[in-house]
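Following: one structure in structure tokens, then a few remarks.
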2 protein chains.
Amino acid sequence: MTVTSLHDPSHREALWELENAFERGNLVSLFGRCTVSYEGRAASDLAAGDRLLLLKPDGAALVHTDEGRQPVNWQPPGSEHRAAVREGRLRVVSTRTTPDETLTVRFSDVHQLSAMPVTGGRDLDLHGSEEDLRTRILERPDLIEAGFEPRETERPSSAGPMDVFGVDADGNPVVVELKRRRVGPDAVGQLARYVRALREEVGVDGNSLDADADGDADGDGDAAEPEVRGVLVAPSVTDRAAERLADRGFDHVALEPTPEE
Amino acid sequence: MTVTSLHDPSHREALWELENAFERGNLVSLFGRCTVSYEGRAASDLAAGDRLLLLKPDGAALVHTDEGRQPVNWQPPGSEHRAAVREGRLRVVSTRTTPDETLTVRFSDVHQLSAMPVTGGRDLDLHGSEEDLRTRILERPDLIEAGFEPRETERPSSAGPMDVFGVDADGNPVVVELKRRRVGPDAVGQLARYVRALREEVGVDGNSLDADADGDADGDGDAAEPEVRGVLVAPSVTDRAAERLADRGFDHVALEPTPEE
DNA sequence: AACTCAATGTCGCGC
DNA sequence: GCGCGACGTTGAGTT
């Protein structure tokens with residue numbers, strides 16, 4: 001395992017090492033003065049300046065300046081990198097299809113080049129996601145409200161799968177939408193679509209909600225029409241989201257994806 | 001302007017150069033075997049492996065593997081980097097507040113370190129955005145439909161600012177929602193909110209739409225109640241989005257942010 | 001600081 | 001391949 005590192009190489013030396021690195025499937029870091037142009041979903045141009053170009057063996061390309069979390073220009077994984085020397089200058093081109101996109105980096109000076117073998121070590125263990133929130137609710141349904149019974153997760157509907165579907169203490173169907181963080185009005189709209197879809201189902205087919213029913217009061221009897229409720233679970237909601245929740249008669253349950261420390 | 005580059009430095013050498021680089025406001029690239037842990041909005045852990053750590057003078061930190069456009073772990077700009085040697089090993093910690101977040105990178109081996117002075121050259125000229133689409137429509141309103149007249153951009157409403165507000169050939173108010181690329185159902189929901197808000201305005205206040213009116217048929221006379229229309233401008237729409245457009249009686253105008261080549 | 005919306009968003013999953 | 005929704009989304013602009 002060897003890291004190759006060149007300090008102020010000539011453009012031809014840089015090209016040589018670049019091609020070797022591509023061949024070996026190395027991660028390449030290239031620092032120098034360059035212009036960058038992009039053509040694809042949009043188009044952009046970047047005047048000459050010092051930047052760091054990262055070329056990954058999976059086809060990703062990243063152009064970073066001294067500021068920002070985001071690369072100033074990039075190419076997603078699956079692209080193909082090529083390098084050449086034109087008029088004595090190193091040029092790196094990364095292209096992909098669907099959609100057609102091209103990133104071109106033209107160097108006037110190459111200050112530093114490193115080629116590094118990298119393998120494995122990408123198995124990230126992330127916790128505190130929406131998945132954790134769902135787990136938490138299935139384990140403790142009373143966090144939603146007393147008497148709440150989850151029946152199904154990812155229950156299909158004409159508006160797409162709902163996060164959690166269940167029944168409240170009075171037997172009303174409940175659609176639960178989970179968000180791991182503070183939400184805006186869009187989440188209320190999403191919940192509304194599920195609720196509407198479910199109300200249509202109920203309207204069309206009577207209360208056919210007990211798919212795996214134990215058959216109680218199943219006939220079109222004197223039971224009141226079940227009221228489909230909507231519950232938004234999120235740590236908090238914006239003011240406008242709260243308005244829309246109130247408009248539609250939905251409830252908000254304040255809950256974090258992981259218990260408070 | 002000098003790039004400092006160390007090959008297989010000792011942990012103490014690396015620390016020394018890191019501190020110098022922080023002092024000088026350099027961009028730092030650090031490659032080696034390390035573990036990474038993050039605590040903040042969520043939490044994550046990454047087992048030992050070879051990775052590239054990028055430390056920017058603006059406080060951003062990026063941990064990259066050999067795959068993906070996204071860093072496997074990161075810290076946003078504005079964070080503070082600190083480095084130390086503990087038990088003979090280099091450790092880099094990046095922290096920020098609001099929210100409290102900490103990224104810790106513990107190295108077992110440092111294979112390569114570079115410190116690079118980077119300034120300026122971040123002025124990107126990007127075209128093909130939603131802004132361009134708006135400009136295009138204001139210059140050629142007939143692209144929406146014959147007789148369409150834009151009246152206002154970013155017109156405020158109770159549902160937020162609408163992209164373009166105008167009037168059609170029959171004098172009906174038109175809400176135009178712009179999307180620079182193919183859209184799904186969410187965009188229809190957004191348009192619907194604006195249209196609903198505007199219909200409420202009209203309902204409450206009569207047709208007070210001619211703010212800078214030329215006064216034709218202005219009285220509460222026999223003119224038909226103006227019909228608020230919704231138009232979605234996007235290169236294309238998904239099937240589900242098309243359904244929802246049809247449901248609500250909205251129109252779709254197929255248009256690219258920049259003219260076809 | 002909070003809220004809202006665009007993005008060359010990226011990414012993963014399901015059909 | 002497309003459609004759909006989450007993301008430690010990020011980032012910019014406005015209030």
Side-chain angles (χ1 to χ4, degrees), chain A residues 36-44 60-63 67-79 96-103 124 126-134 154 156 159-163 177-187 189-190 193 236-242 257-258, chain B residues 38-44 60 62 67-78 96 98-103 124 126-134 154 156 159-163 177-187 190 193 236-242 257:
Chain A
V36 186
S37 72
Y38 157 75
E39 268 272 342
R41 287 166 290 177
S44 75
L62 310 170
V63 180
E67 286 189 344
R69 201 207 80 123
Q70 302 293 357
V72 62
N73 274 121
W74 70 90
Q75 200 68 286
S79 311
R96 73 153 174 166
T97 55
T98 18
D100 279 330
E101 290 186 301
T102 305
L103 180 72
L124 183 72
L126 178 67
H127 30 284
S129 57
E130 187 175 302
E131 173 74 27
D132 295 74
L133 186 52
R134 175 165 51 246
E154 304 298 327
M162 40 193 81
D163 287 339
E177 174 67 22
L178 304 178
K179 294 293 171 187
R180 62 171 307 283
R181 59 167 190 158
R182 182 175 176 82
V183 297
D186 51 332
Q190 198 178 338
R193 292 203 295 278
S236 63
V237 302
T238 65
D239 287 349
R240 189 171 295 280
T258 48
Chain B
Y38 157 76
E39 268 272 342
R41 285 167 291 176
S44 74
L62 309 171
E67 285 189 345
R69 203 211 76 127
Q70 301 293 3
V72 62
N73 273 122
W74 69 92
Q75 201 67 288
R96 73 153 175 166
T98 14
D100 278 331
E101 291 186 300
T102 304
L103 180 72
L124 184 71
L126 177 68
H127 31 284
S129 59
E130 188 175 299
E131 173 75 27
D132 296 74
L133 185 54
R134 176 166 50 247
E154 304 298 328
M162 41 191 81
D163 288 338
E177 174 66 23
L178 305 178
K179 292 294 171 188
R180 63 171 308 282
R181 58 166 190 161
R182 182 176 177 83
V183 297
D186 52 334
Q190 199 177 338
R193 292 202 297 278
S236 62
V237 303
T238 66
D239 286 350
R240 189 174 292 280

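As a basis for the values below, the full set of heavy atoms in this structure was taken, side chains included, without hydrogen atoms, waters or symmetry mates. Just so we're clear, the structure is a prediction, and the values are computed from it rather than from any experiment. Naming: A, B, ... by sequence-line order, numbering from 1 per chain.
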Review point. Does the base of D:dG8 carry an N or O that pairs as donor and acceptor with the side chain of B:Asn73 under 3.5 Å?
Key: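 Present.
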Check your understanding: Has the side chain of B:Gln75 got a donor or acceptor atom sitting under 3.5 Å from an opposite partner on the base of D:dG8?
Key ->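 Flag set: donor-acceptor pair detected.
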Touch check for [X], heavy atoms < 4.0 angstrom, all strands: base, sugar-phosphate only, or nothing?
X: B:Gly128; value: nothing
X: A:Pro99; value: nothing
X: B:Pro161; value: nothing
X: B:Ser44; value: nothing
X: B:Ala187; value: nothing

Considering just the side-chain nitrogens and oxygens of [X], establish if one lies under 4.0 Å of OP1 or OP2 belonging to [N].
X: A:Trp74; N: C:dG9; value: no
X: A:Arg180; N: D:dT9; value: yes
X: B:Arg240; N: D:dC2; value: no
X: B:Thr238; N: D:dC4; value: yes
X: B:Arg69; N: C:dG12; value: no
X: A:Thr98; N: D:dG1; value: yes

For residues [X] and [Y], determine if any side-chain heavy atom of one lies less than 4.5 Å from a side-chain heavy atom of the other.
X: A:Arg181; Y: B:Arg41; answer: no
X: B:Asp186; Y: A:Asp186; answer: no
X: A:Asp163; Y: A:Leu133; answer: no

Given [options], the nucleotide with the shortest approach to the side chain of [X]:
X: B:Arg182; options: D:dC2, C:dT8, D:dG8; result: D:dC2
X: B:Leu103; options: D:dG8, C:dA6, C:dG9; result: D:dG8
X: B:Glu130; options: C:dA6, C:dT4, C:dG9; result: C:dA6
X: B:Gln190; options: C:dT8, C:dC11, C:dA6; result: C:dA6

Review point. In whole Å, what separates the C1' atom of D:dT14 from that of C:dT8?
Key: 25 Å
Review point. Between D:dG11 and D:dC7, how far is it from one C1' atom to the other, in whole Å?
Key: 14 Å
Practice item. Determine, for A:Glu154 against A:Arg134, whether the closest basic-nitrogen to carboxylate-oxygen distance falls under 4.0 angstrom. Key: yes
Whole-Å distance separating the [atom1] atom of [X] from the [atom2] atom of [N]:
X: A:Asp186; N: D:dC4; atom1: CG; atom2: P; result: 16 Å
X: B:Glu67; N: C:dG12; atom1: CD; atom2: C1'; result: 14 Å
X: B:Arg41; N: D:dG8; atom1: CZ; atom2: P; result: 8 Å
X: B:Tyr38; N: D:dC7; atom1: OH; atom2: C1'; result: 11 Å
X: A:Arg181; N: C:dC3; atom1: CZ; atom2: P; result: 12 Å
X: B:Leu126; N: D:dG11; atom1: CG; atom2: P; result: 15 Å
X: B:Glu154; N: D:dG13; atom1: CD; atom2: P; result: 12 Å
X: B:Arg134; N: D:dG13; atom1: CZ; atom2: C1'; result: 12 Å

Review point. Does B:Glu39 CD have over 12 foreign heavy atoms under 6.0 Å away?
Key: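 No, because the 6.0 Å sphere around CD of B:Glu39 holds 12 heavy atoms or fewer from other groups.
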Practice item. Using the closest heavy atom to pick a nucleotide of DNA chain C for each, name whichever of B:Asp163 or A:Asp239 lands nearer the 5' end. Key: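 By nearest-heavy-atom nucleotide position, the 5'-most residue is A:Asp239.
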Check your understanding: When you match A:Gln70 and A:Arg193 each to their closest nucleotide on DNA chain D, which lands nearer the 5' end?
Key -> A:Arg193
**Study point:** Residue mapping more 5' on DNA chain D - nearest nucleotide basis, A:Thr97 or A:Glu177
**Key:** A:Thr97
Review point. What is the minimum heavy-atom distance between A:Gly68 and B:Pro77, and which atoms define it?
Key: CA-CG, 3.8 Å
Check your understanding: Minimum heavy-atom separation for B:Ser129 to B:Arg180, with atom names?
Key ->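 It is CA-NE, 3.7 Å.
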